[in-house]
Amino acid sequence: MERAVRRAQAEGRIPAVAVAVHRADRPLWTFQVGTAGDGPELDADTRFRYGSVTKTFTAVLVLQCRDAGLLELDDPIGRHLALPRHGEHTVRDLLAHRSGLQREPHGDVWDLHTGPDTERLLADLAKAERVLPPQRRFHYSNLGFALLGHLAAAKRGGEWGEVLREYVLDPLGLSGTSCEPGPRAATGYLVSAYSDHARPEPATDCGGIAPAAQLWGTASDVARWAAFLADPAAVDPAGEVLSADTMAEARHPHTVRDESVWAGGFGLGLMLEPQPERVVHVGHYGAMFGFLAAAFGRTGPDQPAGFGAAVLGSSGTGVEVNTLVHELLRLSATDDPADIPVWTPGEAPPADVAPLLGRWWSEGFGFTFSWRDGALQARGDGAPRHAPPSVFARVGEDRFTTVSGREAGETLELLRDGDGRVTAMRWATYPVTRGQETPLLGD
């Protein structure tokens with residue numbers, strides 16, 4: 001892993017690179033290479049700019065507001081925030097970058113290296129354009145995420161940075177993350193394309209755009225954050241910040257980032273990078289003048305719990321940062337895989353479930369019903385090893401709900417003969433029988 005970091009730093013010509021890998025089953029691993037520039041020596045406490053990784057923090061603030069009953073994701077944002085224009089866009093569409101709102105606030109933000117204050121940002125929304133129809137396609141919008149941050153702040157009765165500290169940073173112990181660089185910040189550089197000269201980049205204060213890109217912090221902090229995005233139950237077992245169910249909702253794809261090449265998706269504020277064997281890297285990339293950042297968690301079958309990695313670099317052109325984060329996750333998972341849990345015998349299935357176990361057929365295809373981990377499950381013939389089974393929960397006499405896997409949300413109904421024996425089932429209304437047949441079950 002150190003060699004991978006050194007190679008990326010050298011090939012990318014990045015003055016300073018700091019990385020961290022967080023796993024619930026291993027000690028935190030950190031590494032740095034290069035020079036932080038003028039100021040403190042490069043070490044694990046050096047702060048870098050997160051850039052748009054900030055958006056994942058803002059997304060969690062908004063989802064907290066939904067879970068607290070302060071808003072609904074399909075509410076128009078104008079219902080909760082006084083806006084001169086574009087109040088019809090839903091919170092969900094803004095989170096998923098599918099509102100069609102223009103990318104940046106009105107004005108010359110990136111020429112001046114100073115963002116408008118919040119009052120100006122909201123007032124200038126009257127001059128902003130909707131460049132695409134809502135839900136037409138993925139269209140990245142810093143402006144949209146700035147509005148989401150101010151929405152969450154308004155609902156919590158404070159400024160965005162204050163609310164973030166109270167509801168996210170402090171509960172997760174992210175003391176190395178803040179809106180300001182602090183005294184231990186690395187210098188950000190523009191590295192010449194045609195020489196080895198590196199020129200310090202000017203500092204940029206995002207102002208009212210802060211919820212989209214303002215944060216600074218350490219690699220260890222943002223690796224822990226990435227692990228939280230992938231597996232909140234391991235990082236925040238009490239659910240103080242956000243429940244595992246809500247984070248699973250955020251990780252669900254809402255759109256693809258490129259409609260021609262379906263190589264990556266976007267959830268609710270989260271980039272999704274599919275990997276082989278049903279593994280997904282979830283997180284975000286970030287870029288600001290002089291800095292690139294990447295923070296992703298890894299989730300999927302047989303993966304370590306609480307698993308995330310972060311790569312922070314002090315060059316705006318060192319794109320190796322973006323590939324290195326995925327390489328570190330793969331290396332850690334492959335070369336130091338998660339421990340294999342010991343199998344132990346379990347309780348016998350309930351007496352009324354035991355007759356359901358074994359082979360069943362539906363539409364000519366075979367299914368095996370079993371009792372695993374205290375629940376009724378079903379797996380289709382030929383299903384990939386890493387594909388999850390269907391899991392059922394009882395909801396009444398002779399009725400189960402599919403809570404995950406194939407046909408999630410649908411009902412499994414038991415059908416009995418005159419002697420009370422289960423002879424067939426209906427799953428999502430389709431007949432399920434003990435033989436490979438086309439039955440007439442009647443009413």
Side-chain angles (χ1 to χ4, degrees), residues 50 52-81 89-99 101 135 138 140-174 177 210-215 222 224-255 265-272 280-284 286 295-297 299 306 308:
Y50 292 173
S52 287
V53 177
T54 303
K55 292 180 175 67
T56 62
F57 291 82
T58 293
V60 167
L61 281 176
V62 172
L63 292 169
Q64 284 178 334
C65 289
R66 192 284 303 274
D67 287 358
L70 302 177
L71 55 82
E72 295 295 335
L73 296 185
D74 293 317
D75 288 347
I77 191 171
R79 182 177 298 174
H80 304 282
L81 197 62
H89 295 297
T90 68
V91 175
R92 185 187 304 275
D93 285 347
L94 290 165
L95 282 168
H97 289 295
R98 64 182 194 186
S99 69
L101 196 60
Q135 302 181 0
F138 175 83
Y140 196 78
S141 178
N142 282 315
L143 175 57
F145 253 82
L147 297 178
L148 289 170
H150 297 306
L151 166 66
K155 285 298 179 181
R156 294 300 192 181
E159 297 296 323
W160 173 78
E162 299 169 346
V163 168
L164 181 66
R165 172 64 58 191
E166 178 180 356
Y167 287 91
V168 175
L169 301 182
D170 285 347
L172 285 180
L174 302 180
T177 299
Q214 181 65 27
L215 290 178
V222 77
R224 178 175 173 81
W225 175 250
F228 167 80
L229 298 177
D231 187 6
V235 180
D236 178 30
E240 186 176 358
V241 173
L242 210 59
S243 72
D245 285 345
T246 296
M247 279 309 313
E249 179 184 4
R251 292 192 301 268
H252 188 82
H254 278 61
T255 184
F266 211 91
L268 297 175
L270 304 178
M271 291 181 173
L272 310 172
V280 177
H281 291 176
V282 52
H284 216 287
F296 282 82
T299 182

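Any value given below was found using the heavy atoms of this structure, including those in side chains, with hydrogens, waters and symmetry copies removed. Values in this document were obtained by computation on a predicted structure and should not be read as measured data.
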Task: Aromatic plane relationship, Phe266 with His97 - under 30° parallel, 30 to 60° tilted, over 60° perpendicular - done: perpendicular

TODO: Check the pair Arg224, Leu174 against side chain to side chain contact (heavy atoms under 4.5 Å, CB included), reporting the backbone distance first and the verdict last.
DONE: CA-CA 8 Å; Arg224 178 175 173 81; Leu174 302 180; 3.9 Å; yes

- [ ] Start with the C-alpha gap between Lys55 and Thr58, add the side-chain angles, then the distance that decides, and say whether side chain to side chain donor-acceptor pair (under 3.5 Å) holds.
- [x] CA-CA 5 Å; Lys55 292 180 175 67; Thr58 293; over 6 Å; no

- [ ] Could you pull out the closest heavy-atom pair between Gly144 and Leu94, with the gap in Å?
- [x] CA-CD2, 3.9 Å

Open item on the list: Contact between His80 and Asp75 at the side-chain level, heavy atoms closer than 4.5 Å - yes or no?
Closed with: yes

- [ ] Examine Arg156 relative to Tyr167 and say whether NZ or CZ is less than 6.0 Å from the centre of the six-membered ring and inside a 45° cone about the ring axis.
- [x] yes

TODO: Please name the pair of heavy atoms, one in Thr90 and one in Leu73, separated by the smallest distance, quoted to 0.1 Å.
DONE: CB-O, 3.9 Å

Task: Side chain proximity check, His252 to Leu268, heavy atoms < 4.5 angstrom - done: no

Open item on the list: Quick check: do Phe228 and Leu242 have side-chain heavy atoms less than 4.5 Å from each other?
Closed with: yes

Task: Closest contact, heavy atoms only, Ala244 versus Ala233 - done: CB-CB, 4.4 Å

Task: Closest non-hydrogen atom pair between Ala210 and Thr54, with its separation - done: O-CG2, 3.5 Å

Open item on the list: Can you give me the closest heavy-atom contact between Phe296 and Gly283, atom names plus distance?
Closed with: CD2-N, 3.3 Å

Task: Stepwise salt bridge (Lys or Arg N to Asp or Glu O under 4.0 Å) test for Arg66 and Glu249 - done: CA-CA 12 Å; Arg66 192 284 303 274; Glu249 179 184 4; 2.6 Å; yes

